[in-house]
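Note that the structure is predicted; figures quoted are calculated from it, not measured.
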Amino acid sequence: MSILIDLFKFLRKSRKFWLVPIVLLLVTVGGLLLFAQGSVLAPFIYTLF
């Protein structure tokens, strides 16, 4: 979790606000894949990618 905090501090300090949506999208997709790994939804989610 500290990696994400450090990343957002870096983005704020270097004023690269255009990277925030990309980072949030990657974190969301990663969380979705981890959540669906052991569930019944996994075949449906994997077909999206």
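Side-chain atoms of W18 and K16, non-hydrogen and from C-beta on, do get closer than 4.5 Å to each other.
The line from CG of L19 to OG of S14 is 7.5 Å long, rounded to the nearest 0.5 Å. For the atom pair CZ (F8) and CD1 (I3), the distance works out to 12.5 Å, reported to the nearest 0.5 Å.
Screening L24, L25, L26 for a side-chain contact (heavy atoms from CB on, under 4.5 Å) involving I22 leaves a single residue, L26.
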